[in-house]
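Following: one structure in structure tokens, then a few remarks.
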Amino acid sequence: MMSDYLRELFSLDGRRALVTGGSSGIGYVIAEAIGRAGAEVVLVARRENELGKAVTRLREHGVSASWISADLADRDDVRRVCATAGDVDILVNDAGNNIRKPMAELTVEDYERTIAVNLTAPYLLGQHFGPRMAARGWGRIINLGSQQSISAFGDSGAYGTAKAAIAGLTRSQAEAWSPRGVCVNTIIPGFVLTPLTEPAQALPGRVEALAARHMVGRNGLPGDFAGAAVFLAGDASAFVTGQMLFVDGGFSVH
Ligand SMILES: NC(=O)c1ccc[n+]([C@@H]2O[C@H](COP(=O)([O-])OP(=O)(O)OC[C@H]3O[C@@H](n4cnc5c(N)ncnc54)[C@H](O)[C@@H]3O)[C@@H](O)[C@H]2O)c1
Ligand SMILES: O=C(O)[C@H](O)[C@@H](O)[C@H](O)[C@H](O)CO
């Protein structure tokens with residue numbers, strides 16, 4: 001049975017979380033995990049039907065959940081999320097997109113949309129919620145990076161640019177607000193089987209080749225991120241800030 005000590009260390013009771021990209025993949029699992037640890041959860045994504053389904057699933061698990069529909073590539077939508085979300089103790093910047101083309105073929109529109117979703121939205125949401133968390137003396141920001149935060153992959157130059165910058169954004173946000181109780185960290189996944197990676201999964205032999213590049217011998221699943229998210233969202237990680245946490249089955253060191 002879980003001791004009161006462990007319950008206190010990992011409980012998110014009384015916390016309120018905003019999870020972008022929470023309708024799908026890794027973001028949904030993070031929302032469910034921190035919700036089941038006690039937090040109230042607000043999901044942000046574009047498609048209302050997917051958001052509605054995710055909120056229904058969360059409620060089936062006893063999680064207090066709601067959603068805001070927004071296109072995070074659109075700054076007016078980002079501002080509307082900031083204005084309507086209320087107090088947020090835990091911000092998870094999970095929403096991401098990857099426009100896959102050879103570097104020289106990415107248009108400026110591809111580049112700008114990719115940067116807007118993967119980097120500018122986390123920047124603006126952090127700028128709104130970070131100081132408010134700091135004023136209350138407690139907060140957590142979890143950004144989603146990628147192996148491309150530290151190394152190059154083919155055909156995703158704009159995404160790689162944004163994900164490398166996420167590591168720098170995390171350090172800058174940590175520097176700004178950690179002195180007042182706000183820990184900011186990046187989760188770096190391996191290759192995870194989600195809708196985002198379906199184009200890569202469709203390439204012959206690619207799934208198997210990537211599985212072999214993980215030390216654990218398999219690709220990631222969304223469920224692999226639950227434990228790290230609960231850890232980084234709560235008091236257990238009070239002395240962890242500005243870091244990249246590699247939840248990648250050993251991919252980065254293989
Ligand atoms: N799957 C992987 O292998 C992998 C690896 C490294 C990093 N990541 C990162 O993890 C995060 C989650 O990815 P996933 O694999 O779970 O993908 P996913 O496609 O399952 O989920 C992405 C989520 O982001 C939302 N989203 C995308 N564009 C949006 C926009 N313009 N406005 C609002 N919401 C938007 C989608 O609605 C969805 O909820 C992303 O930041 C991704 O870059 C994934
Ligand atoms: O969109 C994608 O194809 C993924 O995000 C990939 O880039 C890798 O899975 C990731 O970089 C590993 O962390």
Side-chain angles (χ1 to χ4, degrees), residues 18-33 41-55 57-58 67-81 85 91-100 109-110 112-122 124-125 142-151 153 156 158-167 169-170 186-201 203 206-207 210-211 213-214 218-226 228-229 244-249 251-252:
L18 187 83
V19 183
T20 74
S23 62
S24 169
I26 296 169
Y28 173 78
V29 164
I30 291 178
E32 187 186 308
V41 175
V42 182
L43 307 182
V44 178
R46 282 164 305 177
R47 294 162 297 171
E48 299 201 356
N49 58 331
E50 297 302 317
L51 283 160
K53 277 191 244 165
V55 162
R57 265 177 85 187
L58 289 172
W67 51 265
I68 302 170
S69 163
D71 180 355
L72 294 171
D74 178 336
R75 284 196 203 159
D76 289 335
D77 269 20
V78 176
R79 285 190 198 100
R80 181 169 53 79
V81 172
L91 168 64
V92 182
N93 284 310
D94 170 271
N97 69 330
N98 185 0
I99 300 176
R100 294 157 202 274
E109 290 77 18
D110 294 334
E112 284 178 346
R113 184 167 179 88
T114 308
I115 297 292
V117 177
N118 291 282
L119 183 60
T120 310
L124 293 174
L125 293 171
I142 302 172
N143 295 318
L144 263 293
S146 157
Q147 294 299 319
Q148 299 190 60
S149 299
I150 57 160
S151 52
F153 278 48
S156 47
Y159 179 82
T161 301
K163 291 298 186 179
I166 275 288
L169 174 66
T170 297
T186 300
I187 290 177
I188 309 277
F191 184 80
V192 188
L193 303 174
T194 67
L196 181 81
T197 55
E198 274 166 10
Q201 293 173 44
L203 302 173
R206 185 78 174 140
V207 167
L210 284 164
R213 278 196 54 187
H214 295 73
R218 67 168 176 86
N219 291 307
L221 296 169
D224 290 320
F225 297 87
M244 290 184 271
L245 177 57
F246 289 80
V247 184
D248 69 353
F251 190 102
S252 52

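Counting starts at 1 for both ligands and their atoms, following the listed order. Computed from a predicted structure; not experimentally measured. Residues take their numbers from the sequence shown, with the count starting at 1.
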Backbone, side chain, both or neither: what part of [X] comes under 4.0 angstrom of ligand 1, heavy atoms only?
X	value
I26	both
E50	neither
T194	side chain

*Indicate yes or no for a side-chain donor-acceptor contact from K163 to the backbone of L119 under 3.5 Å, with no hydrogens or angles considered.*
no

Ligand 1 atoms in contact with [X] (distance to a heavy atom under 4.0 Å):
X	answer
Y159	6 (C), 7 (C), 8 (N), 9 (C), 42 (C), 43 (O)
A70	32 (N), 33 (C)
A95	24 (O), 25 (C), 26 (N), 34 (N), 35 (C), 41 (O)
D71	30 (C), 31 (N), 32 (N)
T197	1 (N), 2 (C), 3 (O)
S23	37 (O), 39 (O)
F191	3 (O)
G25	16 (O), 20 (O)

*asked:* Tell me whether the rings of F251 and H214 are parallel (<30°), tilted (30 to 60°) or perpendicular (>60°).
replied: perpendicular

*Out of curiosity, E32 CD to L43 CG, how far, rounded to the nearest 0.5 Å?*
11.0 Å

*State the CG-OG1 distance between L91 and T20, to the nearest 0.5 angstrom.*
7.0 Å

Looking at every non-hydrogen atom in both residues, tell me the closest pair between [X] and [Y] and how far apart they are.
X	Y	result
S23	L51	CB-CD2, 4.0 Å
A211	N219	N-OD1, 3.2 Å
T120	R75	CG2-NE, 4.1 Å
Y159	L196	OH-CD2, 3.9 Å

_Which residue is it: N93, N118, D94? I am looking for the one with a side-chain hydrogen bond (donor to acceptor under 3.5 Å, both in side chains) to N143._
N93

Does [X] reach ligand 1, in the sense of a heavy atom lying below 4.0 Å from it?
X	answer
G145	yes
A116	no
Q148	no
R113	yes

_Between T197 and Q201, do the side chains contain a donor N or O and an acceptor N or O under 3.5 Å apart?_
yes

*Any donor-acceptor N or O pair under 3.5 Å, side chains E50, S24*: no

I want to know if ligand 1 touches [X] in the polar sense, i.e. an N/O pair below 3.5 angstrom.
X	answer
P189	no
V192	yes
G21	yes
A45	no
Q147	no

_Basic-acidic side-chain contact under 4.0 Å: R218, D224_ = yes

*Answer yes or no: is there an ion pair linking D71 with R47, defined by an N-O contact shorter than 4.0 Å?*
no

*asked:* Among L144, V29, N143, D94, which one puts a heavy atom closest to atom 40 (C) of ligand 1?
replied: D94

